[in-house]
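In what follows, a single structure is set out as structure tokens and then discussed.
All heavy atoms count here, side chains included; hydrogens, waters and symmetry mates do not.
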Amino acid sequence: MFKVELVGAQGFTRQLSNELRSEVKRLANDLFTEVKKTTPVDTGRARSGWKKTVNDRGFVLTNNVPYVPILDKGRHMTNKGYRGSKQAPNGIVGPSLDTIKRKN
């Protein structure tokens with residue numbers, strides 16, 4: 001016999017909310033780890049610039065290093081201007097998200 005019993009909507013809602021919060025934290029941690037791993041390293045400034053904020057509604061990854069948007073486009077700065085990045089030719093965030101999707 002298979003039986004599903006719902007006892008009190010509040011308890012169910014609380015359990016679901018806790019599970020969702022747990023999954024959001026897991027996703028935030030996985031993506032944060034992958035983004036850091038994917039960030040090209042010259043001096044290490046860009047990689048160490050990543051910060052993660054997690055709250056009840058979701059998470060935010062930020063990096064205030066000025067050239068990270070350039071790296072995220074698969075480029076890097078040289079004294080001759082912008083060039084394609086050999087370490088992260090496809091950028092940072094997009095490939096990191098793709099990796100996380102494949103893992104889940």
Between [X] (side chain) and [Y] (backbone), is there a donor-acceptor pair under 3.5 Å?
X: Asp72; Y: Ile92; value: yes
X: Asn64; Y: Gly49; value: no
X: Ser22; Y: Asn18; value: no

* Determine whether Phe59 and Leu20 fall in the same hydrophobic cluster, where Ile, Leu, Val, Met, Phe, Trp and Tyr are linked whenever their side-chain heavy atoms lie under 4.5 Å apart. => yes
* To do: For Ala46 and Leu71, work out which heavy atoms get closest and say how close.
  => CB-CD1, 3.7 Å
* **Shortest non-hydrogen separation from Pro40 to Ala88 and the atoms involved** =>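 Minimum heavy-atom separation between Pro40 and Ala88: CG-CB, 3.6 Å.
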* Asked: Can you name the salt bridge (charged side-chain N to carboxylate O under 4.0 Å, His left out) partners of Lys103, sequence neighbours left out?
  ->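 For Lys103, the residues satisfying salt bridge (charged side-chain N to carboxylate O under 4.0 Å, His left out) (neighbours in sequence not counted) are Glu34.
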* Structure fact -> Applied to residues 24-33, the salt bridge (charged side-chain N to carboxylate O under 4.0 Å, His left out) test, sequence neighbours excluded, yields Glu23-Arg26, Arg26-Asp30
* Asked: Tell me, do Val24 and Arg21 make a side-chain contact under 4.5 Å, heavy atoms counted?
  ->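 No; the side chains remain at least 4.5 Å from each other.
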* Given the rule in the side chain to side chain contact (heavy atoms under 4.5 Å, CB included) test, do Thr53 and Thr62 qualify, once you have shown the distances and angles that lead to the verdict? -> CA-CA 8 Å; Thr53 305; Thr62 57; 5.7 Å; no
* To do: Sort out for me which residue in Leu97, Ile100, Leu61 forms a side-chain contact (heavy atoms from CB on, under 4.5 Å) with Val35.
  =>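 With Val35 as partner, Leu97, Ile100, Leu61 yield a single side-chain contact (heavy atoms from CB on, under 4.5 Å), made by Leu61.
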* **Exceeds 12 heavy-atom contacts within 6.0 angstrom, atom NZ of Lys73** => no
* **Qualifying side chain to side chain donor-acceptor pair (under 3.5 Å) pairs, either residue in residues 38-47, two or more places apart** => Thr38-Ser96, Thr39-Trp50
